[in-house]
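A quick write-up on the structure given underneath.
In the text below, chain A, chain B and the rest are named by the order of the sequence lines, each starting its count at 1.
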Amino acid sequence: MSEEKSLNFIEEIIENDLNTGNYKSIITRFPPEPNGYLHIGHSKAICLNFGLAIKYGGSTNLRFDDTNPVTEETEYVESIKEDIKWLGFNWSQELYASDYFDQLFQFAVELIQKDLAYVDDSSSEEIAALKGTPTEPGTNSAFRARTKEENLQLFMEMKDGKYKDGEKVLRAKIEMAATNMLMRDPIIYRIKHAHHHRTANKWCIYPMYDFAHGQSDSIENITHSICTLEFIPHRELYDWFIKSLNIFPSHQYEFARLNMTYTVMSKRKLLQLVNEGFVNGWDDPRMPTISGFRRKGFTPKSIRNFCEKIGVAKRENLIDLSLLEFCLREDLNETAQRAMAVLDPVKLIINNYEDGKTETLQCENGPTELAGKRNLEFSRELWIEREDFMEEAAKKWFRLAPGSMVRLKSAYIVKCESFEKDENGKITTIFCSYFPNSKSGADESGIQVKGTIHWVNAQNALSAEIRLYDRLFNVENPAADERDFKEYINLNSLEIISNAFVEPSLLNAKIEDRFQFIRKGYFCLDKDSTKDHLIFNRTVTLKDTWSKEAKKTD
RNA sequence: UGGGUUAUGGUGUAAAGGUAGCACAACAGAUUUUGAUUCUGUUUGUCUAGGUUCGAAUCCUAGUAACCCAACCA
């Protein structure tokens, strides 16, 4: 029995198109401009476009919208392809708007011949001045009345490089009094003597977005061209070009882009974070880029599930970061290997454990039998987490305190006998006794303890660097904040722990391997890591009801 | 003050005139050799005002609020 799941509005449109025979199958496209790295907002569009094609048996093209040579670079093309593949999607064709430059040029010629386009010699200021405002109609340019022949000749000359940047533009001849500002004779070609990442110096005129996007969709027989809400006003123009050129009628549909608490999605702001050194590059684990999430230890599946859960609609939204974290933990809980790591070590000595003795214990690798077990060595001196000891036990404290007992994970129950401090009052060593008959899996002690703590063996523990990340902004909706974002950026978003200890099995970890450090959270091996200097990134903490409890009793 | 789009718990999203549901979050409890996981339960909502109807989140009227549009960016 498949569970009845309601459709989003785009799925309804598609099912209707399929049921009525408007289309036999669908083709979608994901059309990034290669001028930056993909972020979590893009993953919503990616999951939508690719997901729709998978669900309805169609296909999805990856098309780079590379119509502005001054902002685009091959580096971005490569990172975009890598990110989409990492998310788990395959495009049927890798295409470029620049592949269509000849065809688009012909379309422009056709519009001129139909008297639907003209060359305007006005400066951009003059064009803006004649455009009017949302409440006042625009006025016709003096160049609007040129003959087809003259327009054609001038357009050819533009193409041939006879004019400098900004000297002339080609505009669609529509309606200067239109209520939709985009219909007031929009510019469709501009002169840019610039090097293009693919066509090099072949062209010195480039089509504008509106004269490239819809036509590219049409050339590829895209049935459902899905974009974000801010393109709604463009749809009228999109349709006008398709009708005027009498080409395959692709249709545009718009959904609300993803916004998420405590982060920003704007490419401009992301670039600023990188350029001004608030983060260490586009793949810094604090960045909302796909490469940042990857480096932080996120799984592709968790991001796909997240995109599924947030839904698709047309209203503005601000998704709670906790939903993404939920999807992450849900996946990691099932897949991450368990290991023990002590982030803030304090020495624990077992008084009645024979000095020099070592025994091997078994510890489960994951929540199910399938994960198997690994061996751990146990001896007299261990490192435990400083925060697992309290000199004076709080209410409901289950961990170590003078006289109290806890289980050392997969090992023995110990009782705290005494402790030592240095001159600053900092605990230096905790002394315990252990119950030899309380060994994990063969406990005959009959002792019940409420707490279990993790540990590493002081003899063979590996030292490691651990990077803890926090949100980049202190305010819930940084995008809506009018202030300069330097005023609400979280300056403590990265904490580096250089003296942590991890269990020896972690020496074999590979880059991006993911682990749950028991009781501490999920971590992955960072790309900067080496065998001599292990580095782990904290992906996300575990849910922590104790810290809430502790706050309450404060 | 022109045009367009959107309004459902704290957040996101369903319900196509007929029981306002689901998920996250929050809260309470059970289980637990991770204060994790798992399980059980609880709290919280239809923008406002009128109207139509046996019955309205849904239809009508009038408001209100938010977002988008005046780049030779996409």
Side-chain angles (χ1 to χ4, degrees), chain A residues 5-8 12 31-33 35 65-68 70-72 120 122-124 127-129 131-138 165-171 178-184 186-192 205-206 208-210 212-213 227-236 254 256 261 267 306 309-327 329-330 333-334 338 340 363-364 367 396-399 406-411 413 438 440-441 443 449-454 476 516-521 541-550:
Chain A
K5 198 176 176 301
S6 53
L7 303 175
N8 65 49
E12 280 182 9
E33 182 188 12
N35 69 346
D65 239 341
D66 54 352
T67 56
N68 185 0
V70 303
T71 60
E72 296 150 8
D120 195 326
S122 309
S123 67
S124 69
I127 289 177
K131 195 150 204 170
T133 70
T135 53
E136 297 159 311
D165 288 11
E167 259 189 293
K168 286 182 166 47
V169 290
L170 184 70
R171 303 177 71 178
T179 54
N180 182 348
M181 299 293 290
L182 279 158
M183 299 300 277
R184 323 246 261 224
I187 293 167
I188 60 181
Y189 260 97
R190 78 285 215 189
I191 299 169
K192 273 184 197 277
I205 57 171
Y206 292 91
M208 296 287 287
Y209 165 85
D210 287 298
H213 199 92
C227 60
T228 47
L229 251 29
E230 64 268 28
F231 289 95
I232 289 177
H234 294 252
R235 188 174 62 226
E236 190 179 358
E254 311 86 7
T261 54
K267 218 169 255 182
F306 171 71
K309 279 189 203 291
I310 59 178
V312 178
K314 300 187 80 150
R315 87 181 79 140
E316 291 290 328
N317 58 73
L318 183 62
I319 312 275
D320 211 314
L321 178 64
S322 63
L323 181 60
L324 215 208
E325 293 183 341
F326 166 82
C327 295
R329 293 190 184 106
E330 185 183 41
N333 178 48
E334 287 178 18
R338 306 295 128 122
M340 291 206 274
C363 185
E364 67 275 15
K396 296 190 187 173
W397 178 254
F398 301 159
R399 287 119 90 158
V406 294
R407 175 174 291 281
L408 295 169
K409 174 72 181 169
S410 296
I413 292 174
S438 67
S440 185
D443 187 348
V449 290
K450 296 265 304 201
T452 298
I453 64 172
H454 61 281
E476 196 171 57
Q516 185 197 92
F517 290 169
I518 289 189
R519 303 207 308 132
K520 295 312 292 180
T541 59
L542 257 24
K543 275 177 75 177
D544 184 1
T545 47
W546 164 249
S547 68
K548 285 179 195 165
E549 185 67 33

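Proximity of A/D210 to A/P186: side-chain heavy atoms (C-beta onward) are nowhere separated by under 4.5 Å. Side chains of A/E325 and A/D320 form no contact here, defined as non-hydrogen atoms less than 4.5 Å apart. Looking only at side-chain heavy atoms (C-beta outward), A/R519 and A/W546 stay at 4.5 Å or farther from each other. Proximity of A/L408 to A/I453: side-chain heavy atoms (C-beta onward) are separated by under 4.5 Å at one or more points. Counting heavy atoms from C-beta on, the side chains of A/I413 and A/D443 come closer than 4.5 Å. Under the 4.5 Å side-chain criterion, counting only non-hydrogen atoms from C-beta, A/V169 is not in contact with A/M208.
Atom P of nucleotide B/rC73 and atom CE of A/M181 are separated by 17 Å, given to the nearest angstrom. Straight-line distance from the CD atom of A/E330 to the P atom of B/rA36: 17 Å, rounded to whole Å. B/rA36 atom P lies 11 Å from atom CZ of A/R399, rounded to whole Å. Atom pair A/K450:NZ and B/rG35:P shows a separation of 11 Å (rounding to whole Å applied). Summarising the geometry, the separation between CG on A/N8 and C1' on B/rA23 is reported as 16 Å, rounded to the nearest angstrom.
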For this session: Just do the side-chain contact (heavy atoms from CB on, under 4.5 Å) check on A/T541 and A/R329 with the steps written out, would you?
Result: CA-CA 9 Å; A/T541 59; A/R329 293 190 184 106; 3.6 Å; yes
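On the P atoms, B/rG17 is 34 Å away from B/rU1, given to the nearest whole Å. Remark: the separation of the P atoms in B/rA7 and B/rU58 is 12 Å, to the nearest Å. Using atom P as the reference point in both B/rA74 and B/rU38, the two lie 47 Å apart (nearest Å). Across the C1' atoms, B/rA57 and B/rA20 are found 8 Å apart, a figure rounded to whole Å. A distance of about 12 Å separates the C1' atoms of B/rA14 and B/rU46, rounded to the whole Å. When the P atom is compared between B/rC22 and B/rG45, the two are found 15 Å apart, to the nearest whole Å. On the P atoms, B/rU11 is 16 Å away from B/rA25, given to the nearest whole Å. Distance noted for atom C1' between B/rA70 and B/rU61: 33 Å (whole Å).
Summarising the geometry of A/H213 relative to A/D65, their closest heavy-atom pair is ND1-OD2, 2.7 Å, with the distance given to 0.1 Å. The two atoms that bring A/A178 and A/M183 nearest to each other are CB-CB, 3.6 Å, heavy atoms only. The heavy-atom pair separating A/K309 from A/L323 by the smallest distance is CD-CD1, 4.0 Å. Of all heavy-atom pairs spanning A/K267 and A/N35, the tightest one is NZ-OD1, 2.6 Å.
Residue A/L323 places its side chain closer to B/rA23 than to any other of B/rC72, B/rU33, B/rA23. Side chain of A/T135, nearest nucleotide from B/rG2, B/rA74, B/rU37: B/rG2. In this structure, of B/rA71, B/rA36, B/rA14, it is B/rA71 that holds the atom nearest to the side chain of A/A128. Counting only heavy atoms from C-beta on, A/F231 has its side chain closest to B/rA74 among B/rC27, B/rA74, B/rA36. Checked against B/rA74, B/rU33, B/rG35, the side chain of A/Y209 finds its nearest nucleotide in B/rA74. Nearest to the side chain of A/V169, among B/rG35, B/rU13, B/rC72, sits B/rC72. Listed nucleotides B/rG4, B/rU34, B/rC68 differ in distance to A/Q516; the shortest reach to its side chain belongs to B/rU34. In the set B/rA25, B/rA70, B/rU33, B/rU33 carries the atom at the smallest distance from any side-chain atom of A/R407.
For B/rG35, neither phosphate oxygen OP1 nor OP2 lies less than 4.0 angstrom from any side-chain nitrogen or oxygen of A/S547. Considering only side-chain N and O atoms, A/K192 lies under 4.0 angstrom from the phosphate OP1 or OP2 of B/rC73. Listed pair A/R184 / B/rG3 fails the phosphate criterion, with no side-chain N or O lying under 4.0 Å from OP1 or OP2. The side chain of A/T545 places an N or O atom within less than 4.0 Å of a non-bridging phosphate oxygen (OP1 or OP2) of B/rA36.
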Problem set entry | Pairing string, 5' to 3', for RNA chain B - Watson-Crick or wobble contacts under 3.5 Å, brackets [ ] where pairs cross, | to another strand | .((((((..((((....[..)))).(((((.......)))))....(((((..]....))))))))))).....
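Residue-to-nucleotide proximity on RNA chain B shows that, of A/R329 and A/T452, the 5′-proximal contact is made by A/R329. Both A/I187 and A/S438 lie near RNA chain B, and the one whose nearest nucleotide falls closer to the 5' end is A/S438.
Judged by distance alone with a 3.5 Å cut-off, no donor-acceptor contact links the side chain of A/H454 to the base of B/rA36. The base of B/rU34 sits with one of its N or O atoms less than 3.5 Å from a complementary donor or acceptor on the side chain of A/R338. Within 3.5 Å, no donor on the side chain of A/R519 pairs with an acceptor on the base of B/rU34, nor the reverse. One cannot find a donor-acceptor pair under 3.5 Å joining the base of B/rU37 and the side-chain atoms of A/E334. The base of B/rU33 lies close enough to the side chain of A/S440 for a donor and an acceptor atom to sit less than 3.5 Å apart.
Residue A/V449 is classed as having no contact, given no heavy-atom separation below 4.0 Å to the nucleic acid. The residue A/T71 sits apart from the nucleic acid: no heavy atom pair falls under 4.0 Å. A/T541 comes within 4.0 angstrom of nothing in the nucleic acid, heavy atoms only. Within the 4.0 angstrom heavy-atom criterion, no nucleotide atom of any strand lies near A/G138. Counting any heavy atom pair closer than 4.0 Å across all strands shown, A/P134 reaches a base atom. Across all strands, A/F326 comes closer than 4.0 Å only to sugar-phosphate atoms, never to a base (heavy-atom distances). Using a 4.0 Å heavy-atom criterion, one finds that A/Y206 contacts no nucleic acid atom at all. Within 4.0 Å (heavy atoms only), A/T133 reaches at least one base atom of the nucleic acid.
A/F231 and A/Y209 have tilted rings, their planes meeting at an angle from 30° to 60° on a 0 to 90° scale.
We find that the ring of A/W546 and the base of B/rG35 stack, their centres lying under 5.5 angstrom apart and their planes tilted less than 30°.
Although no hydrogens or angles enter the test, the distance criterion places no donor-acceptor pair under 3.5 Å between the side chain of A/T261 and the main chain of A/E476. Proximity of a side-chain donor or acceptor of A/N8 to a complementary backbone N or O of A/G311 within less than 3.5 Å is not detected. Judged by distance alone, with hydrogens and angles left aside, the side-chain atoms of A/R338 form no donor-acceptor pair with the main-chain N or O of A/Q516 at under 3.5 Å.
Ion pairing between a basic and an acidic side chain is recognised when a charged N comes within 4.0 Å of a carboxylate O; A/K409 and A/E364 show such pairing.
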Can you name the atoms? Protein N/O to nucleotides 6-11 of chain B N/O, anything below 3.5 Å, with the distance.
{"unit_1": "B/rU8", "atom_1": "OP2", "unit_2": "A/R315", "atom_2": "NH1", "d": "2.9"}
{"unit_1": "B/rU8", "atom_1": "O4", "unit_2": "A/R315", "atom_2": "NH2", "d": "3.4"}
{"unit_1": "B/rU11", "atom_1": "O3'", "unit_2": "A/L318", "atom_2": "O", "d": "3.2"}
{"unit_1": "B/rU11", "atom_1": "O2'", "unit_2": "A/L318", "atom_2": "O", "d": "3.0"}

Table of protein N/O atoms under 3.5 Å from nucleotides 17-22 of chain B N/O atoms:
none

